[in-house]
Amino acid sequence: WLSFPAWTIKPESLPKLQRVIAEHSGVAEKKDVMKFLPPLVRKKVYVDLPMSLKKAYHDMEKHFVSEVDGDIVSADLVIVKMLRLQQLCCGIITGEDETKTVRTEKHSALKELLGDICPNAKVIVWANFKACIQDIKDICDEIGLYYSVIEGGQSNKERQEQVDNFNNLKTVTVCIANQQAGGVGVGLQAASYMIYYSKDYRLESDIQSEARAHRGGSEIHGCITRIDLLTKGTIEEDIHQALREKGKLGDIIRGVKDRWK
């Protein structure tokens, strides 16, 4: 792994930095502008990496190459290595000739969460890999849930139809969405739950996707619940922490209360 020193602001420099930024910017907090919004509750659900993938995961961590069920999984760049580690956490095996998925505890945890939530509420499931989106579709089919899908390659009309179906049809209780395709420009305020099945390091994508449900119109719910589904001891915990640290840094610089728990 490449190593980068931790970047921190010297305590004695913080007031000056905040003052300089304040002279050229303004801060409008959502909670102050939209006081009618329900509270946003953040939770984490942890799962274990299955034994069948642990060796492959640790091999990839060390050597940029691993073998899973006879398939060679390789990464020639650090960024590709990180991508492969994320995929392994989701049970995605990207071999030389094909991509396949194996069931993990993450699949079981999502199935249980959807079974608990969807009889009484609607939920957005965010995922950043095509294979994950297909797995989530399969899980919904297994337990008899109707869903909308927002992903890359859709026309504006197709995407809006999926949004409208989710918001307006009682039978459609799940929206399966990619953060890049569905994270901006749409309102999914029918959802009172969000599950982050997989995500990347982009703080903007994280904040914007969260705002698809926690927005005007969501006051119909008592609260909005965000659930981050994380595989213990893996890069998923690192990504989650990196996003929190980016958010904290922004709040420190702007001089606003820390919102990132």
Side-chain angles (χ1 to χ4, degrees), residues 37-38 40-45 47 87 89-92 99-199 205-206 208-230:
L37 288 182
L40 175 64
V41 178
R42 294 187 176 97
K43 298 180 179 180
K44 296 186 284 289
V45 172
V47 298
Q87 290 175 331
C89 290
C90 297
I92 302 169
T99 297
K100 62 183 180 181
T101 60
V102 297
R103 284 299 173 103
T104 68
E105 288 189 22
K106 180 175 278 195
H107 294 82
S108 300
L110 178 64
K111 186 174 180 178
E112 184 176 344
L113 285 168
L114 292 178
D116 290 340
I117 292 169
C118 289
N120 303 305
K122 293 196 176 193
V123 57
I124 309 165
V125 185
W126 294 106
N128 64 330
F129 295 118
K130 286 185 177 180
C132 286
I133 289 176
Q134 184 58 54
D135 284 345
I136 298 164
K137 290 180 185 178
D138 292 342
I139 290 169
C140 289
D141 289 337
E142 285 176 21
I143 56 180
L145 298 177
Y146 293 101
Y147 52 84
S148 291
V149 180
I150 303 174
E151 58 185 338
Q154 293 174 321
S155 67
N156 289 337
K157 180 181 178 181
E158 290 170 331
R159 184 174 70 163
Q160 191 57 51
E161 286 177 351
Q162 295 297 309
V163 171
D164 291 342
N165 288 343
F166 178 70
N167 281 329
N168 301 325
L169 299 180
K170 290 183 178 180
T171 53
V172 180
T173 55
V174 181
C175 179
I176 306 166
N178 173 277
Q179 286 174 288
Q180 298 302 305
V184 293
V186 300
L188 300 169
Q189 58 269 29
S192 54
Y193 284 84
M194 293 175 279
I195 299 173
Y196 283 74
Y197 189 82
S198 63
K199 54 182 183 282
S205 297
D206 194 80
Q208 288 290 340
S209 60
E210 189 179 86
R212 295 315 94 208
H214 195 231
R215 60 187 291 113
S218 65
E219 62 271 16
I220 60 175
H221 309 296
C223 72
I224 304 297
T225 302
R226 167 180 174 154
I227 301 170
D228 287 276
L229 198 51
L230 304 170

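Numbers here are sequence positions counted from 1. These figures come from a predicted structure and were not determined experimentally.
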Donor-acceptor contact present, side-chain His214 to main-chain Cys223, <3.5 Å: no
Partner set under side chain to side chain donor-acceptor pair (under 3.5 Å) for Thr104, not counting sequence neighbours: His107
Glu210 and Arg42, any side-chain heavy atoms less than 4.5 Å apart: yes
Set of residues satisfying side chain to side chain donor-acceptor pair (under 3.5 Å) with respect to Gln154, sequence neighbours excluded: none
Within-4.5 Å side-chain heavy-atom neighbours: Lys122 and Cys175: no
Pairwise distance CZ(Arg226) to CD1(Ile124) - rounded to 0.5 angstrom: 11.0 Å
Donor-acceptor contact present, side-chain Asn167 to main-chain Gly187, <3.5 Å: yes
Any donor-acceptor N or O pair under 3.5 Å, side chains Gln160, Asp164: yes
Ile195 side chain near Ile117 side chain, heavy-atom distance below 4.5 Å: yes
cation_pi(Lys137, Tyr147) dist<6.0 Å, angle<=45: no
Qualifying residue, where the test is side-chain contact (heavy atoms from CB on, under 4.5 Å) with Leu110 and the options are Val45, Ile139, Ile227, Asp135: Ile139
Closest non-hydrogen atom pair between Gly222 and Pro38, with its separation: O-CB, 3.6 Å
Glu112, CD atom: more than 12 neighbouring heavy atoms under 6.0 Å: no
Gln134 and Asp138 side chains, donor-acceptor separation under 3.5 Å: yes
Any Gln180 side-chain heavy atom under 4.5 Å of Ser205 side chain: yes
Candidate pair Leu188 and Ile150, rule side chain to side chain contact (heavy atoms under 4.5 Å, CB included), full reasoning: CA-CA 11 Å; Leu188 300 169; Ile150 303 174; 4.2 Å; yes
Derivation and outcome, side chain to side chain contact (heavy atoms under 4.5 Å, CB included), residues Lys199 and Leu230: CA-CA 10 Å; Lys199 54 182 183 282; Leu230 304 170; 3.8 Å; yes
Smallest separation among heavy atoms of Ile224 and Ala213, with atom names: CD1-O, 4.1 Å
Heavy-atom side-chain proximity of Cys132 to Ile92 below 4.5 angstrom: yes
Distance, nearest 0.5 Å, that separates NE2 of His221 from CD of Gln189: 8.0 Å
Name of the residue among Asp206, Val125, Asn128 meeting side-chain contact (heavy atoms from CB on, under 4.5 Å) with Tyr196: Asp206
Check against side chain to side chain contact (heavy atoms under 4.5 Å, CB included), Thr101 and Cys90: CA-CA 8 Å; Thr101 60; Cys90 297; over 6 Å; no
Straight-line distance of Ile133 CD1 to Ile176 CD1, nearest 0.5 Å: 7.5 Å
Within-4.5 Å side-chain heavy-atom neighbours: Ser148 and Val163: no
Under 3.5 Å donor-acceptor, Glu151 side chain and Asn178 backbone: no
Pairwise distance CG(Leu229) to NZ(Lys43) - rounded to 0.5 angstrom: 13.5 Å
Val186 backbone acceptor or donor facing Arg212 side chain under 3.5 Å: yes
Steps toward side chain to side chain contact (heavy atoms under 4.5 Å, CB included) verdict (Met194, Leu40): CA-CA 11 Å; Met194 293 175 279; Leu40 175 64; 4.2 Å; yes
Closest heavy-atom pair and its distance - Ile220, Gly217: CG1-O, 3.4 Å
